[in-house]
Amino acid sequence: MAKKLLLIDGNSVAFRAFFALHNQLERFTNADGLHTNAIYGFNTMLDHMIKAVEPTDMLVAFDAGKTTFRTKMFDDYKGGRAKTPGEFSEQMPYIKQLLDAYGIQHYELKDFEADDIIGTLAGQADAAGYTTTVVTGDRDLTQLTTDHTTVAVTVKGVSEVERYTPEHVQEKLGITPKQIIDMKGLTGDTSDNYPGVTKVGEKTALKLLKEYGSIEGVYENVDAMKKSKMKEHLIEDHDLATRAKVLATIKRDAPITVGLADLAYAGPDVDKLAEFYTEMDFQSFLKKLHVQSDEPEKPIEFTVLTSANLDELAQFSDHVDFYLEMPTPNYHTSAFAGFAIGADGKWFISRDVELLMKPAVSDLLSSTSITKDVFDMKRTMVGLNRLGIQLGTVDFDLLLVSYLLDTNDNSNDLGSLAEQHGYSDLPSDEVVYGKGVKRAIPDDDQVFFSHLARKLAAIAALKPELLKKLTANEQAPLYDDIEKPMAIVLAQMEMAGITVDSGTLKAMGSQFKERLSEIEQTIYQEAGEEFNINSPKQLGHILFEEMKLPVIKKTKTGYSTAVDVLEKLAPEAPIVANILQYRQISKINSTYVVGLLDAIHSSDQKVHTRYLQTLTQTGRLSSVDPNLQNIPVRLEEGRKIRKAFIPSHDGWQIFSSDYSQIELRVLAHITGDANMQEAFKEGDDIHAATAMRIFNLKSPEDVTPNIRRQAKAVNFGIVYGISDYGLSQNIGITRKQAKSFIDSYFREYPGVKAYMENIVKTAHEQGYVETISHRRRYLPDIHSKSFNQRSFAERTAMNTPIQGSAADIIKIAMIKMQDRLKAEGLKATMLLQVHDELIFEAPKEEIPVLEKLVPSVMDSAVKLDVPLKVESHFGDTWYDAK
DNA sequence: CTCTTCACG
DNA sequence: ACGTACGTGAAGAGT
């Protein structure tokens, strides 16, 4: 049988696992107080790789200690690295125990790194005709790839890997695997703390290697190079380059005392492994072990609810768990598959949703004194409402609570979410119902009912610990006073829906179609052939190969034809302007005319969006089916779509109010910057005020529209976590100018500068950032070795408290608004939220009332150190509410 | 099912 | 030297 060898870089993978589950550090502890996140992650990776590779032979290599032949060669090798956390080191011995239970060889060798052991064995395996897979978190090992050895580098978490073959290395890096060490030799390696040739980075190295093949090749030809700074650096740093290459070179002949013959893998010792899992408190792995050993899954007890035993529900007088199964995501239209209700291990299940309408059930559901524990209360409310049932007080919503605890846990599948919280007695819907076209509610009552009963059991089991965590995070008010009432308000808005006039849309659609075919013909003439203008690939071919226009930007897969590129090309050829025009109309037509028409419910001529309350990383809502948060407004052509959005009654109008510069006001508040706060308190035009400050202007008259535009871009940039490059691209200035703008900005607004520095530091220390309402976002990448990932996390750390606090504020305003509309007995209905804007429909005569009421509710939603400003508009359609 | 593009705040 | 603004959803093309 063909030999398949799996080699694992133990330290590197364990380290990846540790950081992948770093924000769960406290959840992963066993009864002895041992942290287990790295062990758990390592196990996940092992299972994953064994399943993928099906190895006949295996070995996990570890580093033997701090000193190696490399540190002897160069004292500072891997110097300057942060100290390994104690929570990590304590887990290493247990990872080796885990491997023993698995029956996997592990090995370390004094003076050598794990890489060298792997390199040596991979070499032997290649010679012996094995197929080898190397697993590591370290990209440098890709130098080991050959036709028979692939290197799998962990990319995200521990179970997702990128597989490097020689072809993939070539494609990705532009060099052969063998040349990686020459590359490292020239550039050095900051994370391992050794330098290469001064001023030579990846780009330059690539050029040199393309021309000369290797470091040796470079130096054979160095004398012949024409005089340049680079040549001087090359000559000066010859020794450094040679040394760096040696440091980067993985040994293929380490004096190891294991051989290929010792690596046979026969599968785990199940008893030993079970014992280990029990000690580590790994419930889910234990369960999988039992499934594999054909031990039957523990059955769950339930009662089938019928019209004959409804009276049994009377036993629930304090709280019930409830779950309504709707097979498709859109709960406005989905069928009903069944439901489950009960408490404390007594579960009642039925497929017959008609039963819900019987008083024995509906009274229970609509009761305000008997509280409900559910998964996704908004979905449940809308579903029940379609059956004519009100959902009364909800105490616990597993979906909402999970999201608040960690915005990354936003799966909409109860089973997966429960698993994330360490609860393993509920398979995912995908497992029970299937996926894709095969997805279906099981015909077998036992299977289906057990699954529903398990869902209730999961909700009940997780409730106490999750609520406790919520309190520990100081998030109970966020949950009780914001997200839960928010869910109710959103359900009401979604059910209300907004009327869309299909006649208006259809008329626009036929106009667009006509114009499209005209422009299409012109484009074909200019191109000299017919092609699909909507295909970036075909369009790229025409523009850059046939017509030879200059290539400004490339994407991963070809030429970029994005707007900013085409705008630069417009003066070159008339076809470009026509393409831009075509694109614009085509987008409006397909997404907003055709798409919106598809979404209109024939029963009421309305669209009923769904707001996703547990999706965004910042606390904002998102809107789907259809998305009503991105209806065109910036360009007149598209803005006309808004004419189709009309009130649902004659004599009514659309009314809208929006926060003016809410994010900058939040910025002024949370940074405490005195200068910025003063501008808002004085009621100044903030962009003009910023312009006067950063450009040092004496009078407001000096603020030209262009200067104001630039200041506005800087203000936005600050909110996004600015970079000089980003700003320069945005307003078309040089990077140097952008940098000087930013410097002036921070000089003029020192509070903002201090805040930005602090928040990044805070994110580093605690691993997350918070909004004014204690909404929390974890930023695991803040510890990343990769400059890119880390920088992204840092910008996110700066932006999230601002964007998220603004989201908190409008949510609070919406809850208060809904209360007031009811209290004042108004017919006005809140219909839409677009991040900083609320849209209503109301009888004409209520408009004057709303003009006072809505802004006053919105601007007093929370008390900040700066005033909030609200502007209102109204008209016969959404278009006219401007 | 991923990529690119483009609509919004 | 590195390679970039923050947060979303939908459509169409092409694998």
Side-chain angles (χ1 to χ4, degrees), chain A residues 186-188 190 195-205 407 436 532-540 553 555-566 580 583-584 586-596 598-599 609-612 615-635 637-639 641-642 658-659 661-663 713-714 716-731 735 738 742 777 786-804 806-807 810 832-837:
Chain A
L186 290 168
T187 62
T190 38
V197 178
T198 312
K199 292 279 176 205
V200 172
E202 204 183 298
K203 287 276 147 65
T204 317
T407 50
N532 186 344
I533 307 166
N534 284 322
S535 160
K537 196 178 164 194
Q538 296 183 31
L539 180 61
K553 201 166 78 182
T555 67
K556 272 183 243 171
T557 46
Y559 309 107
S560 170
T561 64
V563 178
D564 57 325
V565 173
L566 294 189
L580 282 167
R583 278 253 182 96
Q584 196 198 339
S586 165
K587 169 83 181 178
I588 298 169
N589 192 49
S590 65
T591 305
Y592 298 104
V593 176
V594 179
L596 213 47
D598 276 347
T609 188
R610 283 178 297 131
Y611 288 104
L612 305 187
L615 183 137
T616 69
Q617 297 300 307
T618 54
R620 274 190 175 183
L621 301 174
S622 85
S623 157
V624 294
D625 264 355
N627 180 357
L628 294 181
Q629 292 182 317
N630 72 345
I631 302 300
V633 67
R634 300 205 252 244
L635 300 173
E637 200 79 61
R639 189 173 197 152
I641 291 287
R642 295 182 173 222
D658 63 281
Y659 282 112
Q661 290 131 7
I662 187 164
E663 292 195 344
V714 182
F716 272 105
I718 294 291
V719 170
Y720 294 153
I722 203 155
S723 78
D724 50 11
Y725 178 86
L727 181 63
S728 72
Q729 286 294 299
N730 194 297
I731 50 178
R735 212 167 144 161
I742 295 166
R777 179 177 186 175
S786 142
F787 176 88
N788 258 334
Q789 285 187 14
R790 197 175 57 250
S791 303
F792 186 68
E794 287 171 357
R795 291 197 294 274
T796 312
M798 300 185 234
N799 174 262
T800 296
I802 302 165
Q803 191 182 116
I810 196 165
L832 303 175
Q833 187 251 43
V834 193
H835 309 306
D836 62 358
E837 179 184 11

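Throughout, a chain's letter reflects where its sequence line sits, starting with A, and its residues are numbered from 1. On a predicted model such as this, the values are computed, not experimentally measured, just so you know.
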### Task
Could you tell me which nucleotide pairs with C:dA1 by Watson-Crick or G-U wobble geometry, both distances under 3.5 Å, or answer none if nothing does?
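WC or wobble partner does not exist here.
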So [X], base contact, sugar-phosphate only, or nothing? Heavy-atom distance under 4.0 Å.
X	result
A:R634	base
A:A205	nothing
A:N730	base
A:Q538	sugar-phosphate
A:S560	sugar-phosphate

How about [X] and [Y]: do any of their side-chain heavy atoms sit closer than 4.5 Å?
X	Y	result
A:T561	A:R583	yes
A:H835	A:I810	no
A:L832	A:Y611	yes

### Message
If the cut-off is 4.0 Å, is A:S535 near the phosphate of C:dG12, judged by side-chain N/O to OP1 or OP2?
### Response
no
### Query
So does A:K537 get a side-chain nitrogen or oxygen closer than 4.0 Å to the phosphate oxygens (OP1/OP2) of B:dC3?
no
For [N] and [M], measure between their [atom1] atoms and round to the nearest Å.
N	M	atom1	result
C:dA5	B:dT2	C1'	24 Å
B:dT5	C:dC2	C1'	27 Å
C:dG3	B:dA7	P	29 Å

Can you tell me the distance, in whole Å, between the [atom1] atom of [X] and the [atom2] atom of [N]?
X	N	atom1	atom2	answer
A:R735	C:dC2	CZ	P	11 Å
A:D564	B:dT4	CG	C1'	13 Å
A:D724	C:dT4	CG	C1'	10 Å
A:L539	B:dC6	CG	C1'	14 Å
A:Y559	B:dT5	OH	C1'	19 Å
A:Y659	B:dC8	OH	P	23 Å
A:E637	B:dA7	CD	C1'	14 Å
A:I533	B:dT5	CD1	P	16 Å

### Message
Taking side chain to side chain contact (heavy atoms under 4.5 Å, CB included) as the criterion, tell me which of A:T609, A:L621, A:L628 meets it with A:Q833.
### Response
A:L621
#### Entry: Partner of A:R639 under side chain to side chain contact (heavy atoms under 4.5 Å, CB included), chosen from A:V633, A:I631, A:I588
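Among A:V633, A:I631, A:I588, the one meeting side chain to side chain contact (heavy atoms under 4.5 Å, CB included) with A:R639 is A:V633.
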#### Entry: Under 4.0 Å protein heavy-atom contacts per nucleotide of nucleotides 6-11 of chain C, with B for base, S for backbone only and - for none
BBSBSS
### Query
Under 5.5 Å between ring centres and under 30° between planes: true for A:F787 and the base of C:dC2?
no
## Note on the structure
One should read off an interatomic distance between A:T616 OG1 and A:R777 CZ, to the nearest 0.5 angstrom, of 8.5 Å
### Query
Out of B:dC8, B:dG9, B:dC6, which nucleotide sits closest to the side chain of A:A562?
B:dC6
### Task
Name the closest nucleotide to the A:V633 side chain, picking from B:dT4, C:dT4, B:dC8.
B:dC8
### Task
Give a yes or no on whether A:Y559 atom OH has more than 12 heavy-atom contacts from other residues, nucleotides or ligands under 6.0 Å away.
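Atom OH in A:Y559 is crowded, with more than 12 foreign heavy atoms closer than 6.0 Å.
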#### Entry: Considering all heavy atoms, the nearest A:R795-A:G721 contact
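Taking every non-hydrogen atom into account, CD-O, 2.9 Å.
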